[in-house]
Every structure is written in structure tokens, then in C-alpha cells.
Amino acid sequence: MNKGKSTNMLPIGWTIVKLGDLCHTTSGGTPSRSKSQYYNGKIPWVKSGELDKGLILDTEEKISDEALKNSSAKIFPKGTLLIALYGATIGKLAFLGIDAATNQAVCGIYKNVNIDSNFLFNFLFFKKAYLVKQSIGGAQPNISQGILKNLEIPLPPLPVQKKIVEKIEELFSGLDSAVA
């Protein structure tokens with residue numbers, strides 16, 4: 001066993017990394033609602049309430065190219081992992097099944113070859129309660145990208161990540177069968 005950056009003992013080959021050191025993250029933006037030409041465009045625009053779908057293939061609203069140019073909204077590529085940062089949706093997760101923009105309440109975590117996206121999804125799902133506890137604010141608590149970027153991840157080698165994901169999927173499949 002070797003020692004990671006924390007006091008926990010980790011198996012050989014595992015390291016502890018901060019999410020922000022491993023993956024590029026950024027949030028989206030909301031174009032001005034006072035400019036009707038920014039809406040009803042063709043660019044899918046994800047809001048945090050839509051992150052309960054697991055895989056985003058369409059969005060309730062679309063924005064225009066002009067909205068994209070004149071706001072902090074940006075297009076995330078298909079496969080990006082999204083996590084909600086604000087309010088009751090904090091910690092909700094979904095993958096983009098399409099290229100899409102998001103509002104500022106959603107953080108996009110770009111794919112990285114050193115971490116299996118499904119492993120990261122499951123790790124963040126596991127850490128949801130912790131992230132909610134880190135939230136600040138009154139009426140609409142939120143977690144910052146700083147909190148996400150500083151989140152420590154015990155990172156096994158890629159083949160081990162894939163085996164962990166396979167086991168989790170096997171267990172959930174068993175649960176689904178039992179419920180059915």
C-alpha cells in the first residue's frame with residue numbers, strides 16, 4: 001500500500017487528485033431574458049432542473065447564435081459530464097448526449113483520458129450529500145466551482161476504474177431486477 005496526499009492508505013497505483021487538477025471545468029451562462037432574439041434559436045440550452053434525465057438528448061429551451069456571442073453561455077461537447085451547482089438541484093448529474101450550452105447553475109466537466117467518465121459520475125453521485133453540505137447561501141444555496149475543483153478523488157488506474165464501474169452497474173442491474 002502506498003500513501004496518497006491525504007492520510008488515507010490507498011492501494012498501490014492509486015493516487016488522490018483534485019478534480020480541478022484532473023479535469024477542466026467551467027459553467028455556462030444565461031443570455032439576457034429581455035432580448036427575445038436570444039431565445040427560440042437552435043442551440044440546446046440546459047438548465048439544472050434538466051439534470052435528472054441521466055443523458056440529455058434535448059432541452060426545454062434553445063438559444064440563438066446571437067445569445068451565445070453576447071453572453072457567458074458556451075457550447076459543451078457531447079459526452080461532457082454536467083453537475084448542478086445551485087439550489088435544490090445541487091449535485092444532480094447528467095451526461096450530454098448532444099452538443100449543448102448550459103446556464104450558470106450548471107458546471108460542465110470536460111472528458112479527460114485519465115479518468116473514466118462513468119467512474120467520475122459515480123464518484124460525484126456518491127459525494128452528493130457532501131457537496132450539499134458544502135453549499136452556502138440562504139434562499140438558494142450553491143456550491144462554487146472552487147468547491148468542485150478542490151474535491152479530492154481517490155483515483156485508481158483506468159482498468160480498475162472500469163472494473164469498479166462494471167461492478168456498480170452489475171449491482172444496480174440486480175437492484176432493478178429485484179424491484180421489478
Cation-pi between Arg33 and Tyr39: NZ/CZ under 6.0 Å from ring centre and within 45° of the ring axis? yes
I want to check something: taking the side chain as every heavy atom from C-beta on, are Leu51 and Leu93 in contact at a cut-off of under 4.5 Å? no
Check: Thr15 side chain, Val17 main-chain N or O, donor-acceptor pair, under 3.5 Å: no
If only atom types and distance count, is the side chain of Glu61 paired as donor or acceptor with the main-chain N or O of Pro44 below 3.5 Å? no
Here the gap from Asn112 atom CG to His24 atom NE2, rounded to the nearest 0.5 Å, amounts to 11.5 Å
Would Gln37 and Glu66 count as a side chain to side chain contact (heavy atoms under 4.5 Å, CB included) here? Give the steps. CA-CA 8 Å; Gln37 69 269 29; Glu66 188 179 352; 3.4 Å; yes
Separation between CG (Asn122) and OG (Ser117), nearest 0.5 Å, reads 11.0 Å
What I'd like to find out is whether the side chain of Ile75 reaches to under 4.5 Å of the side chain of Leu68, using heavy atoms alone. yes
Would you find a donor on one side and an acceptor on the other, under 3.5 Å apart, between the side chain of Lys69 and the backbone of Ser64? no
Is the shortest side-chain heavy-atom distance between Cys23 and Ile115 below 4.5 Å? yes
Any side-chain heavy-atom pair from Asn142 and Ser135 closer than 4.5 angstrom? no
If you round to the nearest 0.5 Å, how far is CG of Asn103 from OG of Ser48? 5.5 Å
4.5 Å side-chain heavy-atom contact, Asp116 and Val165: yes
Hey, what's the ring geometry for Phe126 with Phe123, parallel, tilted or perpendicular (30° and 60° as the breaks)? tilted
Should the pair Lys163-Glu169 be classified as a salt bridge under the 4.0 Å nitrogen-to-oxygen rule? no
Can you tell if the side chain of Lys127 reaches within under 4.5 Å of the side chain of Tyr130, non-hydrogen atoms only? yes
Under the side chain to side chain contact (heavy atoms under 4.5 Å, CB included) criterion, do Leu85 and Leu148 qualify, and how do the steps go? CA-CA 9 Å; Leu85 300 174; Leu148 272 181; 3.7 Å; yes
With side chains defined as the heavy atoms from C-beta onward, is the minimum distance between Val106 and Tyr86 less than 4.5 Å? no
For Ile63 and Ala101 the tightest heavy-atom approach is CD1-CB, 4.0 Å
Taking a hydrophobic cluster as the set of Ile, Leu, Val, Met, Phe, Trp and Tyr residues connected by side-chain heavy atoms closer than 4.5 Å, whether directly or through intermediates, do Leu81 and Leu151 fall within one such cluster? yes
Are Tyr110 and Leu155 connected in a single hydrophobic cluster, I mean Ile/Leu/Val/Met/Phe/Trp/Tyr linked by side-chain heavy atoms less than 4.5 Å apart? no
Would you say Gln161's side chain and Pro156's backbone share a donor-acceptor pair under 3.5 angstrom? yes
Are Ile109 and Ile90 co-members of a hydrophobic cluster defined by side-chain heavy atoms under 4.5 Å apart? yes
Could you tell me whether Asn40 atom CG has more than 12 heavy atoms of other residues or ligands within 6.0 Å of it? no
Full working for side chain to side chain contact (heavy atoms under 4.5 Å, CB included) between Phe76 and Thr26: CA-CA 9 Å; Phe76 292 100; Thr26 190; 3.6 Å; yes
Across all chains, not counting sequence neighbours, the salt bridge (charged side-chain N to carboxylate O under 4.0 Å, His left out) partners of Lys167 are Glu170
Nearest 0.5 Å, please: how far is CG in Leu10 from CD1 in Ile16? 4.5 Å
Atom pair NZ/CD of Lys18 and Glu152 - distance to nearest 0.5 Å: 6.0 Å
Salt bridge Asp99-Lys78, side-chain N to carboxylate O under 4.0 Å: no
Verify whether one side chain among Gln145 and Thr25 offers a donor that lies under 3.5 Å from an acceptor in the other. yes
Side chain Thr59, main chain Trp45, donor-acceptor under 3.5 Å: yes
Which label fits Phe121 and Phe95: parallel for a plane angle under 30°, tilted from 30 to 60°, or perpendicular past 60°? parallel
Asp52 and Lys92, any side-chain heavy atoms less than 4.5 Å apart: yes
Using every non-hydrogen atom in the two residues, find where Thr89 and Ala84 come nearest and quote the distance to one decimal. O-CB, 3.0 Å
Hydrophobic cluster membership, with links at side-chain heavy-atom distances under 4.5 Å among I/L/V/M/F/W/Y: are Phe119 and Leu124 in one? yes
Run the side chain to side chain contact (heavy atoms under 4.5 Å, CB included) test on Leu19 and Leu120 for me, step by step, so that the C-alpha distance in whole Å, both residues' side-chain angles and the decisive distance to 0.1 Å come before the verdict. CA-CA 9 Å; Leu19 179 61; Leu120 181 57; 3.9 Å; yes
Lys35 atom NZ, over 12 foreign heavy atoms within 6.0 Å: no
Here the gap from Ile83 atom CD1 to Leu131 atom CG, rounded to the nearest 0.5 Å, amounts to 5.5 Å
Mind checking whether Val160 and Ile153 sit in one hydrophobic cluster, side chains of I, L, V, M, F, W, Y counted as touching below 4.5 Å? yes
